[in-house]
Protein chains: 2
Amino acid sequence: MPKQPEHQVGGHEAGPGKVGPLVDDSGHFYKPLHPGDERGTHEVNFYTSFSSDPRIPSSIRSFFPAFGGTKLLPTSDSSDVLLPHLVLEDLLHGYTSPCVMDVKIGARTWYPQASESDFDKYLKLDRESTTVPLGFRLCGLQVHHESGRWKPDRNKVRKYTVTDVRQVLRQFVSKNPDETHPDCALASSVYGGSNGILAQLLELKSWFEDQTLFHFYSASTLISYDKGGMAARVKLIDFAHAMEGEGIIDHNFLGGLCSLIKFISEILTDTEAEVRPANNGIV
Amino acid sequence: MPKQPEHQVGGHEAGPGKVGPLVDDSGHFYKPLHPGDERGTHEVNFYTSFSSDPRIPSSIRSFFPAFGGTKLLPTSDSSDVLLPHLVLEDLLHGYTSPCVMDVKIGARTWYPQASESDFDKYLKLDRESTTVPLGFRLCGLQVHHESGRWKPDRNKVRKYTVTDVRQVLRQFVSKNPDETHPDCALASSVYGGSNGILAQLLELKSWFEDQTLFHFYSASTLISYDKGGMAARVKLIDFAHAMEGEGIIDHNFLGGLCSLIKFISEILTDTEAEVRPANNGIV
């Protein structure tokens with residue numbers, strides 16, 4: 001029986017009078033498709049076309065949630081109302097203590113075909129957030145510390161400054177929940193290593209330097225790892241505004257991705273620099 | 001005696017009642033500094049700070065014109081009026097038949113500190129040109145063909161569409177001036193090779209993936225080679241809106257640069273593909 005997800009950090013959440021996504025025990029994530037909302041239709045079309053496109057390398061395909069078509073289901077707020085749902089892979093299935101960040105990539109979230117009022121709305125959000133200065137913004141996060149779960153309010157996350165983002169990217173890989181001096185104790189195992197977040201982001205970057213098939217406006221990277229032991233993972237989500245690339249690379253996504261990569265590299269460099277003198281001191 | 005440059009393709013040109021830049025026989029380029037124009041002062045400040053910054057690798061420094069301070073000179077339109085000029089290296093000094101493109105890099109030319117009216121003006125130009133879709137736009141060009149010099153009017157260049165840009169990047173390395181079927185005969189020697197345009201752009205790209213010192217809004221790459229035999233060269237110019245990077249990479253410039261790189265790579269791939277079957281046919 002599908003139920004509301006425990007660990008959602010971004011996207012449209014269920015609330016009083018608001019229909020939200022569902023998950024089940026078999027690892028499915030169901031995203032409601034509201035009648036008349038073009039974004040849902042657009043996202044189904046994207047997944048349909050993407051999942052059968054032979055030009056996507058399989059190593060890149062694994063960055064995207066598996067797609068299972070659509071399914072009629074009772075909505076999250078009423079068992080009497082049936083609504084079509086987009087069927088996707090539940091990216092946090094099996095996690096016991098998931099640490100998750102939803103990072104919306106790109107220095108602009110407006111797309112060429114947007115109406116003038118949408119254009120104004122998205123541009124305003126971009127200028128008021130870190131989207132313009134950083135080329136990405138945080139949309140939501142949760143971190144499990146020994147002392148419990150830290151899940152800042154999404155309205156607070158939306159107002160993060162550049163300094164806040166720099167700090168949160170360190171807190172995300174820290175054992176202590178200290179906001180001023182995060183220990184970054186997990187940086188090398190989560191961000192670093194041959195299968196870590198940085199390596200995965202670099203693999204994505206290589207593809208984005210070359211691919212001219214899609215432009216991903218307002219899409220996010222979902223960065224996750226499990227305090228319960230599961231490996232660090234990067235996935236791409238939210239394709240309500242994915243567009244045809246028309247032979248041009250997605251320089252907007254690529255630029256933002258490179259900016260995120262630089263921040264994460266710096267955390268790794270700083271962490272290694274902190275460890276090294278101590279080791280040398282013993283010799 | 002400084003005189004007006006013969007081969008300027010971008011920037012503020014001299015004209016009736018308009019003061020323009022000057023060049024001399026020793027390889028200097030003099031850019032007039034108009035009293036009260038903050039952009040000139042800003043550019044002098046940028047060159048002053050950049051030229052003494054020890055954090056710039058020498059391989060990267062060579063992408064920038066050499067800087068020689070400022071100098072009081074009679075203006076281009078009157079020997080009676082003295083104006084301070086920014087003294088730079090004349091990037092086309094010694095060329096006999098220079099082929100030049102001024103490519104303004106970045107998907108946005110407005111900068112955070114711009115006034116709201118400047119912001120509106122720049123954003124409009126970005127949306128009406130290829131700046132938004134491609135991440136770069138052509139500001140001017142000239143090409144020498146056997147039949148003469150082709151230097152399209154700058155107002156025409158400003159209106160280039162994505163299709164036009166794709167075509168002009170091929171015409172730039174063609175022997176024939178045919179607008180519909182450029183032969184790309186010089187692509188491998190100008191764009192390709194270990195010292196060609198592509199290799200230089202890739203070296204710049206590596207630096208932009210890492211450097212957080214400067215953000216180059218509205219700056220251009222000047223791409224040139226000489227039909228008279230000089231090597232292909234990439235230089236960065238126009239720093240009236242160069243800003244402090246504040247620890248963030250210039251994802252706007254980097255994204256646009258990667259887009260230009262992709263276009264040039266494709267021309268090389270297409271050209272090689274056309275050559276290869278003919279060679280194989282002989283064997």
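Note that the coordinates shown come from a computational prediction; the quantities given were computed from them, not determined experimentally. Every chain is numbered from 1 and lettered A, B, ... according to where its sequence line falls, protein lines coming before strand lines.
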Handout entry: Heavy-atom side-chain proximity of V132(B) to R108(A) below 4.5 angstrom
Key = yes
Problem - 4.5 Å side-chain heavy-atom contact, F263(B) and I249(A) - result: no
Go through the atoms of [X] and report whether side chain, backbone, both or neither lie under 4.5 Å from a heavy atom of chain B.
X       : result
D210(A) : both
T212(A) : side chain
F119(A) : side chain
L123(A) : side chain

Practice task
Count the heavy atoms of every other residue, nucleotide or ligand shown that sit under 6.0 Å from CG of N195(B), and state whether that count exceeds 12.
Solution key: no
Handout entry: E38(A) atom CD, over 12 foreign heavy atoms within 6.0 Å
Key = no
Fill in the blank from the handout: For K262(B) and E209(A), the nearest pair of non-hydrogen atoms, with its separation, is CD-O, 4.0 Å
Fill in the blank from the handout: Nearest heavy-atom approach of C258(B) to L254(A) is CB-CD2, 3.5 Å
Exercise for the section: Taking H251(A) for its side chain and F253(B) for its backbone only, find out whether a donor-acceptor pair lies under 3.5 Å. Expected result: no
Practice task
Taking only Lys NZ, Arg NE, NH1 and NH2, and the carboxylate oxygens of Asp or Glu, determine whether R127(A) and E116(B) approach each other closer than 4.0 Å.
Solution key: yes
